[in-house]
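Working notes, structure below.
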Amino acid sequence: MAYRFVHTADLHLDSPLRSLALRNAELADLVSDASRQALIAIVDLCLEEQVDALVIAGDLYDGEQTSMKTARFLASQLERLHRAGICVFKIRGNHDAMSKIARELVMPDTVKVFGGHAETVEATKGSLSIAIHGLSFAKPQAPDPLLPKFKPPVAGAVNIGIMHTSLAGSAGHDVYAPCNVLDLHASGFDYWALGHLHQRSQYPGTATVIMPGMPQGRDINESGVKTVSLVTVADDRAVTVEERRTSIAQFERVDVDLTGVDDWRDAAMAIEAALTAQRDHTASPHLVARLRLSGRTPLSWQLRRDIDLMQTEAEQRGDRVGRTWIEKLELTFEAPVSLADASVADPVVELGALMRNDVIARSGFRDDVREMVRDLLADLPPESRAFAGHDETGFERFIDSLLADGAEDIAARMKAAERGDS
């Protein structure tokens with residue numbers, strides 16, 4: 001008789017909304033509720049598949065959560081599993097290590113929350129002996145490896161380890177409980193249920209080692225369909241893993257090439273076509289799109305000036321496509337005409353080129369912008385800083401783009417004024 005469980009991590013219940021979602025109240029509501037809906041989907045999956053357990057590898061909550069609304073919601077979902085006889089095995093990660101809910105909420109006796117010292121829970125299912133090992137973060141910081149603290153595998157049992165770890169490190173993530181994947185394979189465990197990194201990964205080897213990623217993205221940097229692992233341990237101890245979708249809202253970057261488009265309505269139609277194509281390839285119920293308008297078009301001046309109007313136009317097109325939301329518009333147009341190509345010198349085009357070349361090179365102004373960006377990054381949590389690059393070279397490219405876009409915006413407004421556009 002097989003032993004089956006669902007493995008997930010990093011739900012970050014009630015994670016604070018990113019400011020990008022606040023511009024649209026309905027989108028804000030969708031994003032703020034998506035993580036809860038993902039947990040409901042996980043519990044539904046457990047019930048439908050009649051699994052033996054749900055394994056949560058850390059960061060169920062997002063910080064020192066004190067909301068009683070969250071407590072009641074979580075209790076209701078745990079009760080659903082309890083009534084079905086499904087066990088829950090949970091560890092605390094860096095985000096929920098100090099959560100008051102984690103410490104004060106009265107859990108059903110089918111829920112096991114592992115503490116700051118390694119523990120092992122043993123069970124049987126038919127002819128299978130199961131040993132589940134867990135170790136929580138005692139504090140939000142965990143700079144030292146946790147693997148050496150785990151108890152040895154139980155002889156003759158299927159050994160399942162639950163650990164929150166950054167492994168050998170990953171761009172955009174601070175180091176937490178570092179460990180080497182080779183050491184996980186050499187540990188004698190059959191399955192490692194990991195958490196912390198938000199991108200799904202599987203690490204082939206002697207054991208089955210899964211980082212499931214988060215079951216629901218929260219912003220454009222957590223794009224793509226999100227899933228959990230449905231794990232089956234057969235009578236012969238063979239382990240199989242199925243990926244099951246849980247995300248309610250799916251963030252995606254959508255490129256729209258407007259090369260040669262010179263009419264506003266045609267630009268809106270191109271956006272609708274791109275959204276329709278992406279919607280057709282989106283597995284989750286809702287698509288949250290960041291549109292990147294690019295190419296060489298005479299509309300670039302007007303679009304830079306009236307980006308708010310095109311945002312509204314795009315939102316209307318998203319409504320027409322259905323369950324499609326516009327998170328943001330980005331403009332990455334090529335210059336509509338170069339100085340060398342212009343038959344008659346255009347003073348605004350020429351000024352724009354001078355600003356792009358001179359402003360980027362002017363060290364004093366660049367230093368001021370660089371310092372402003374560094375101050376902004378210092379005020380953001382680590383997981384929200386990736387937009388400015390992962391190293392010094394990427395950071396300098398980001399500064400270049402800021403300065404160039406600023407020059408383009410000024411030139412766009414001057415061009416619109418010259419033409420008397422309304």
Residues in side-chain hydrogen bond (donor to acceptor under 3.5 Å, both in side chains) contact with H185, at least two apart in sequence or another chain: none

What residues form a side-chain hydrogen bond (donor to acceptor under 3.5 Å, both in side chains) with T324, not counting sequence neighbours? none

Run the side chain to side chain contact (heavy atoms under 4.5 Å, CB included) check on F137 and Y176 step by step: do they pass? CA-CA 10 Å; F137 283 18; Y176 292 97; 3.9 Å; yes

Is it the case that Q302 and R305 place a side-chain donor and acceptor less than 3.5 Å from each other? no

Which residues pass the salt bridge (Lys or Arg N to Asp or Glu O under 4.0 Å) test with E315, sequence neighbours left out? none

Report the residues that fulfil side chain to side chain contact (heavy atoms under 4.5 Å, CB included) with D319, sequence neighbours left out, ordered by chain and then residue number. none

Quick one: side chain to side chain contact (heavy atoms under 4.5 Å, CB included) partners of L184, sequence neighbours excluded? L147, M163, L167, C179, W192, L194, V209

H286 and W325 aromatic ring geometry - parallel, tilted or perpendicular at 30°/60° bounds: tilted

Can you label the angle between the H12 ring and the H198 ring as parallel, tilted or perpendicular, going by 30° and 60°? perpendicular

Of all the heavy-atom pairs spanning F251 and G217, show the shortest one and how long it is. CE1-O, 3.6 Å

At what distance, to the nearest 0.5 angstrom, does SG of C87 lie from CD1 of I132? 7.5 Å

Heavy-atom closest pair (W264 atom, L299 atom, distance to 0.1 Å) is N-CD1, 3.9 Å

Partners meeting side chain to side chain contact (heavy atoms under 4.5 Å, CB included) with E119 (sequence neighbours left out): K112, F114

Would you say the ring centroid of H133 lies under 6.0 angstrom from that of F150? no

Mind checking what makes salt bridge (Lys or Arg N to Asp or Glu O under 4.0 Å) contact with R36, not counting sequence neighbours? D14

Residues two or more places apart in sequence or in another chain: which of them pass side-chain hydrogen bond (donor to acceptor under 3.5 Å, both in side chains) with R292? D255

Got a sec, which residues hit side chain to side chain contact (heavy atoms under 4.5 Å, CB included) with T276, two or more places apart in sequence or on another chain? E272, D280, V321

Looking at residues at least two apart in the chain, or sitting in another chain, which of them share a salt bridge (Lys or Arg N to Asp or Glu O under 4.0 Å) with E242? R244

Do you know which two heavy atoms are closest between P143 and P178, and how far apart they sit? O-CD, 3.5 Å

Taking NZ, NE, NH1 and NH2 as the nitrogens, is one of them in K226 or D10 under 4.0 Å from a carboxylate oxygen of the other? no

side-chain hydrogen bond (donor to acceptor under 3.5 Å, both in side chains) with S294: which residues, sequence neighbours excluded? none

Please identify each residue that fulfils salt bridge (Lys or Arg N to Asp or Glu O under 4.0 Å) with R253, with sequence neighbours left out. none

Using the rule side chain to side chain contact (heavy atoms under 4.5 Å, CB included), only one of D29, L30, N24 pairs with E26; which is it? N24

Quick one: closest heavy-atom pair of L329 and M310, and the distance? CD2-CG, 3.6 Å

